[in-house]
Amino acid sequence: MSQQDLNDLRHEIRDWMDTHLTGRFEPLRFRGNAGDGDALPELRKAWEQELAHGGWTCPHWPKEHGGRGMSVPQQIVFQEEYGRAGGPGRIGHIGEGLVGPTLIAFGTEAQKQQFLSGILAGTEYWCQGYSEPGAGSDLGNIRTRATRDPGSGDWLVSGQKVWTSLAHLSDWIFVLARCEAGTVGRHGLIFLLMSLDQSGVEIQPIEQMGGGAEFNSVFFDNARAKAEHVVGEPGDGWQIAMALLGFERGISTLGQQMAFAQELEAICDIARENGMTKIPSIRQRIAVAWTGLRAMRYLALRVLGGDGSHDVQRDALGYKYHWSNWHRDLGKLAMDVLGPEAGVLDESDPRKERLQRMFLFSRADTIYGGTNEIQLNLIAEQGLKMPREPRGTKG
Amino acid sequence: MSQQDLNDLRHEIRDWMDTHLTGRFEPLRFRGNAGDGDALPELRKAWEQELAHGGWTCPHWPKEHGGRGMSVPQQIVFQEEYGRAGGPGRIGHIGEGLVGPTLIAFGTEAQKQQFLSGILAGTEYWCQGYSEPGAGSDLGNIRTRATRDPGSGDWLVSGQKVWTSLAHLSDWIFVLARCEAGTVGRHGLIFLLMSLDQSGVEIQPIEQMGGGAEFNSVFFDNARAKAEHVVGEPGDGWQIAMALLGFERGISTLGQQMAFAQELEAICDIARENGMTKIPSIRQRIAVAWTGLRAMRYLALRVLGGDGSHDVQRDALGYKYHWSNWHRDLGKLAMDVLGPEAGVLDESDPRKERLQRMFLFSRADTIYGGTNEIQLNLIAEQGLKMPREPRGTKG
Amino acid sequence: MDLTLTEDQIFIRDEARRLLASKADGDALRRIVSRGDGIDPDLWATISTELGWCAMTIPEKHGGVGLGLTELVLLMEAVGERLAPVPLWSTACLGVPLLTAIGTQAAQVWLERIAVGDAAATVAIADMNSVNPFQGGGVTATRQGGGYILQGQLPLVTDAQVAGLILVPARIGQDVAVFGLEPSTGSDFRRLKTLDHTRQYCAHSLNDLSVPESTRLDRNGVNADALAEAETIANLGLAAEQAGLARGAMDLTLEYISERVQFGRTIASFQAIKHRCAALEVDLAELRALILGAAVQPDPRERMLEVAGARALASDLAFRASEEAIQLHGGVGFTTEYAPHLYFKRAQANWHLLGSPERHLDRIAAHCLPDGDAA
Amino acid sequence: MDLTLTEDQIFIRDEARRLLASKADGDALRRIVSRGDGIDPDLWATISTELGWCAMTIPEKHGGVGLGLTELVLLMEAVGERLAPVPLWSTACLGVPLLTAIGTQAAQVWLERIAVGDAAATVAIADMNSVNPFQGGGVTATRQGGGYILQGQLPLVTDAQVAGLILVPARIGQDVAVFGLEPSTGSDFRRLKTLDHTRQYCAHSLNDLSVPESTRLDRNGVNADALAEAETIANLGLAAEQAGLARGAMDLTLEYISERVQFGRTIASFQAIKHRCAALEVDLAELRALILGAAVQPDPRERMLEVAGARALASDLAFRASEEAIQLHGGVGFTTEYAPHLYFKRAQANWHLLGSPERHLDRIAAHCLPDGDAA
């Protein structure tokens, strides 16, 4: 695709966002992102359907499955323009980005038939059931059990998942569970698709320090997954789970960077208004933030457009660590620029509210999706070929 | 001892230094400290004897062994005034601070008779034989062997010690060696006093990045320690070695702080002269250095005058880490204040030369005497009661 | 200079820590947070009335105990360690030192009341980011009739709704006057909702507020040296509170990571975690030594500088220790169920009180580089 | 914007790295260091004459290869990685861009000579800590007779004794003129002894130095935009060298600690060490992305800002990576027997070349905060 075609696409998306993210959808601008994920849920679901009408859900899916078959450069353009316009956090993200590609790759025909259309239409929402209370960063330590019901062939699931994003707004969950008693680590796991609308499932919100509750604990007590809702074979759960994570190519982070840029701009505006621009260290920190954001963009472009060389793969390992710590530092910078009254809550000042929310939620950025500590282990071990951290013998 | 008595002592030392560190000793001011340890050796040996004539060697030794029996507050005063006057690095330090107290506590009468007087008189110099090439931070991994000569009862020593400070200026060395074949770790070690003036000993200087060579490798090839020069019993080497390290109470660090203060002052002077005071981050870093030095002083006073409570002991663990990293940062600050020409060598500018030397040698501060990494392990494990780092199985 | 604590001082510290460990534990804190006004009145009654902590640094002739700054910093550390929601800093580190600096009979009456726990106090500072909080910047007083007209914005005042006395430094020409407002005499402080739930913050606009002559506590302006001394104590107390906060955040983290198992090992057994905790521990030892040294430093100017350094270190360390508390708690670290977020929010709130670290370091730089152009 | 390297670019990079791995290995470096003049003439001959690295960014019409900045940064990274003691930065990142900016026939003659390896070049900058090195600050030129009188101090000029052309930017009124001195035309540069042994540094006092008209290479002053572009390239090349230096320091450290055993384990197996190395690796990935992005950035002002950011990151990272190299080598790290000290000294020397990090960040701050008072 030529540069001209990409530019045309860019303008098409920009126009579409301008004409659609308006009117009743106006309040959604810049809402619903990480840290604000449970904001305005009904309106955001309507927005998902609006996107679907425009043909903008699942644009990277193959055309035969209802997508637009967008290339990586096209996806980059889409995410950038979506982010620049203030497009809200996507309730459909897990279905579109993770479940769909996984089913297209590994699902049965029947599974594709049943599930892809709801994702494409923006009418069925998914959430992710990996982490557990005893596991945290340690996915190998899954304890949720799936037992086969000999009569129906269905799977009965018991256990608890935590840090399940937007479970309370979702219809379906995919669950990694242990289906072979006595197995440990990566063996004996099963990957199941389960309806959340059943009596054996209980969803409890986890209240965050920023006030929101977009994460949940999900309790299963003999909840049922239908026999035909196993992805892959029982026992292959780990492989499916890892493949699913691999579909997270991170292009959506380019949209995220647009939001970051707007946060940095708001900080600069405040500094100019309140005179903090006179403080040398504030000036320096703003310059460091600008630099980090620019580097982040180039790193993302390098990785996403990457030639798959060892060099690029090695640099890619650090991407999550870089953006999450950058964002966390930006939160602190925002508070320091706001000054002594940074902590005063003021409903009449949405710009300040947004930065306060960002300050608090960005503390989770370095924890969810692989903590800083896990990231550094990964970079050292996979990128630098340093020795693996030994596993202990407890649990 | 009253505050008045301490003040009197302070003035006595100040006067003595004023009248003695002059004339032919004038060139010694601020020389011979860490990083400059092999400067002007003959003159510094003469200075040791000058100190001895004044009765200022070994002031903390008990009076019955020729010292002044100085209390901790008196020693603090002595070190402060010695450092303030620019008293040179002490070639007699190891004998006075480590060997003497160890012999007084654990030596035989004959050993005390033979060795204490030379230390007191400033005529016999000692160095330390602990570290080995394969051991580094790992003292338990000593491989130097001591074998008993059945005829004489003497010990024949073979192996290599490294990082032996001032070995080339010393007469004697104390050596930790393995005297029981097949032992590992802390067991089967012996603590020996050995003359360096014998054919089985070879001393090789280690050239430092700053140009000096105050550290040496010392090679033993069937070198002889006399039978009567074992301290404690054969096999007790570890205990004696650890007790010796315990005598390093760190009061001399107060003198070191005086040198640090002068370095910081020189940096401030240069910044005023070359206009670097206009750079906000330079101003902030100078303020941070001032603060760290003041805190260092209080921390030293708190630890040295300490009541031995758990609280104080816990704080004491961090002292070496604090001062060495502070000093290392000061070296970087000095170079940054000196600007683009910081690296140009100029014999006509002794102030700059001193800071350049300090910049380079301070890199060793965080390595010798227990690396940063060892210090942090120690603080975590002993101070914070965190789990011990597991030992590996190699070597 | 002797930095060894006396037996009495150790007793005071240990008793304070023991009291707060039981009265300001996690459950108590959660209760206060859910009530939302940043004050535990029962605990404050115990501290101020029964135990007389506010009396500690008030001279005996003013009804106090006449102890020194060392005792004050030990108490403030204990308060910080537990985030105890009491107006001790406002009262003992803002109000009492300022009243002592004023030194008039009118001020003494208030010191006597505070000593017996009859009133909490605070100081209304127009610019909370100032390293000279007591100089009356931002508030002007104009004589009118038999009283004064006060004019100025007070966007952030600590503990004003619980204080029986709100001291307002104000400028009259070159002089600093101090007015003592009481809830009954026209002070109408609005409580603010803030991220930090463990301290009370209020605001007030002095729009030509008319106050009677009797509210003016000083005579012909407060002595400049005395004011500077009081400011040093305000900052010293806050530095001690921040050091305590850092210790508290570290302790709860160490407890959590010593239990929590990941990859078959306690989190505390990972060397990278150990080294990060140890680095905080070194910094805390450095900070505490500086605070204890400044508390016994006889020279007021040296003490001012040392306290400036302590504030710079303390703001930084308290923030780092509490951000590590969140990080090392992992997923639960950013929930409201665990305590790290309370430490974290308080650490950021404290960061700008009486001057950000950079401002304090500027003072030291001006001392070290007397001829240099300040930037 | 496509940041993927082409096959040709990968080939250039890999060949450069392969060459330097054999010609600028540890032994070669030690040999040069002991000789003490900071230049390896054989290696320079190979690079400049046989391989034509200097021709890389010279347009084809001036006898060059006409490649872009991406190729230049790949070569500079390779040089930095090995601390290769050659005047490539002086020639290809100072001299060539300045000559290109001048754009006259006289300048072109020099570009042609440089392209074929006939001469190395450098620029004599009076204030090496300047972010505007080519503006002639500190040197004045006065017309006299048929020539000029040059006046100014040049305390630190890179590679002046090996360069066949020393460009001296100077002020004539508001204009920037550039004079080309040759060893034969009165340039009398004194070689300096420096801590950094891997680059040549010289000094010269231009005390009313009289030079003929023919040494002036520009016509009526150099275009300001063109000068700014050249300055950006000078900084970009240095940032790339610093990134390479960081990578080189890290690689030799990783090699050492993977072998060295302490407490029965390789040093590389300690998690605290792993995390420190990983943090450097992240920063390096960030820096390299920024450098490669800036190299293809079409907008000159954006490129200038990105390069400023890259320099700030690069100076910091090169220093940290080389200080970690010393620290993690332990005792041998501060001896002359091992290489870390060479990286460390070069990293500090580079720190102030063309502006310390703070100065570069100031430029970005001025962009982000256009209305704010600069401090």
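Every chain is numbered from 1 and lettered A, B, ... according to where its sequence line falls, protein lines coming before strand lines.
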Student: Rounded to the nearest 0.5 Å, how far does CZ of B:Arg297 lie from CG of C:Leu3?
Tutor: 9.0 Å

Student: Taking only heavy atoms into account, what residues of residues 329-340 of chain B are found under 4.5 Å from chain C?
Tutor: none

Student: In terms of heavy-atom contacts, does CZ of B:Arg14 have more than 12 from other residues, nucleotides or ligands at under 6.0 Å?
Tutor: yes

Student: For a quick test of reading the model, state the closest non-hydrogen atom pair linking B:Ala271 to C:Leu369 and the distance between them.
Tutor: CB-CD2, 4.4 Å

Student: If I measure from the heavy atoms of chain B, does C:Ala294 come under 4.5 Å with its side chain, its backbone, both, or neither?
Tutor: backbone

Student: Please classify the contact of C:His360 with chain B as side chain, backbone, both or neither, using a heavy-atom distance under 4.5 Å.
Tutor: neither

Student: Side chain from CB out, backbone as N, CA, C, O: work out which of these in B:Arg285 comes under 4.5 Å of a heavy atom of chain C, or both, or neither.
Tutor: neither

Student: Side chain, backbone, both or neither: which part of C:Leu313 has a non-hydrogen atom closer than 4.5 Å to chain B?
Tutor: side chain

Student: At a heavy-atom separation under 4.5 Å, does C:Arg311 approach chain B through its side chain, its backbone, both, or neither?
Tutor: neither

Student: Given side chains that start at C-beta, do those of B:Arg272 and C:Pro370 come closer than 4.5 Å, heavy atoms only?
Tutor: yes

Student: Mind checking what makes side chain to side chain donor-acceptor pair (under 3.5 Å) contact with B:Glu381, not counting sequence neighbours?
Tutor: C:Lys274

Student: If you count heavy-atom pairs within less than 4.5 Å of chain C, which of B:Gly318, B:Gly383, B:Ala287 leads?
Tutor: B:Ala287

Student: Under the criterion side chain to side chain contact (heavy atoms under 4.5 Å, CB included), I'd like the reasoning laid out for B:Ile286 against C:Leu361: C-alpha separation, chi angles, the key distance, then a yes or no.
Tutor: CA-CA 9 Å; B:Ile286 284 174; C:Leu361 293 175; over 6 Å; no

Student: With a 4.5 Å cut-off on heavy-atom pairs, point out which of B:Arg294, B:Glu265, B:Met276 contacts chain C the most.
Tutor: B:Arg294

Student: Given a strict heavy-atom distance threshold of 4.5 Å, which part of C:Leu284 is in contact with chain B: side chain, backbone, both, or neither?
Tutor: neither

Student: Check the pair B:Tyr298 / C:Gln297 against side chain to side chain contact (heavy atoms under 4.5 Å, CB included), numbers first and verdict last.
Tutor: CA-CA 10 Å; B:Tyr298 286 135; C:Gln297 165 67 259; 3.2 Å; yes

Student: Can you tell me which portion of C:Asp362 sits under 4.5 Å from chain B's heavy atoms? Options are side chain, backbone, both or neither.
Tutor: both

Student: Can you check whether C:Glu358's main-chain N or O pairs, donor with acceptor, with B:Gln284's side chain at less than 3.5 Å?
Tutor: yes

Student: With a sphere of 6.0 Å drawn around CD of B:Glu12, does it hold more than 12 non-hydrogen atoms of other residues, nucleotides or ligands?
Tutor: yes

Student: When heavy-atom pairs shorter than 4.5 Å are enumerated against chain C, which of B:Met296, B:Arg314, B:Lys385, B:Gln375 gives the highest number?
Tutor: B:Arg314

Student: Would C:His275 and B:Asn377 count as a side chain to side chain donor-acceptor pair (under 3.5 Å) here? Give the steps.
Tutor: CA-CA 7 Å; C:His275 279 201; B:Asn377 278 346; 2.9 Å; yes

Student: Would you say C:Glu306 and B:Trp290 make side-chain contact, with heavy atoms under 4.5 Å?
Tutor: yes

Student: Output side-chain donor-acceptor pairs under 3.5 Å for residues 67-74 of chain C, partner residues at least two apart or in another chain, one line each.
Tutor:
unit_1	atom_1	unit_2	atom_2	d
C:Glu71	OE1	C:Gly68	N	2.9
C:Glu71	OE2	C:Gln9	NE2	3.2

Student: What part of C:Ala312 gets closer than 4.5 Å to chain B, counting heavy atoms only: side chain, backbone, both or neither?
Tutor: neither

Student: As an exercise, state the distance from CG of C:Leu287 to OG1 of B:Thr291, rounded to the nearest 0.5 Å.
Tutor: 10.5 Å

Student: Give, as side chain, backbone, both or neither, the part of C:Ser269 having an atom under 4.5 angstrom from any heavy atom of chain B.
Tutor: both

Student: CG of B:Asn325 to CG of C:Asp283: how many Å apart, nearest 0.5 Å?
Tutor: 9.5 Å

Student: Given the options B:Glu373, B:Arg388, B:Glu389, which has more heavy-atom pairs under 4.5 Å with chain C than any of the others?
Tutor: B:Glu389

Student: Run the numbers on B:Met386 and C:Ile257 for side chain to side chain contact (heavy atoms under 4.5 Å, CB included), then give the verdict.
Tutor: CA-CA 9 Å; B:Met386 298 175 86; C:Ile257 65 178; 3.8 Å; yes

Student: What pairs with C:Gln135 under side chain to side chain donor-acceptor pair (under 3.5 Å), at least two apart in sequence or on another chain?
Tutor: C:Glu231

Student: Would you name the heavy atoms of B:Pro387 and C:Ala268 that are closest together and state the gap between them?
Tutor: CD-O, 3.4 Å

Student: Looking at C:Ala289, C:Pro357, C:Ala310, which makes the most heavy-atom pairs under 4.5 Å with chain B?
Tutor: C:Ala289

Student: Under a 4.5 Å heavy-atom cut-off, does chain B meet the side chain of C:Glu286, its backbone, both or neither?
Tutor: both

Student: Using a 4.5 angstrom heavy-atom cutoff, name the option from B:Asp311, B:Leu264, B:Ile76 with the most pairs to chain C.
Tutor: B:Asp311

Student: Tell me, side chain or backbone of C:Arg363 under 4.5 Å from chain B's heavy atoms, or both, or neither?
Tutor: neither

Student: How many angstroms lie between CG in B:Leu384 and CG in C:Asp251, if you round to the nearest 0.5 Å?
Tutor: 9.0 Å

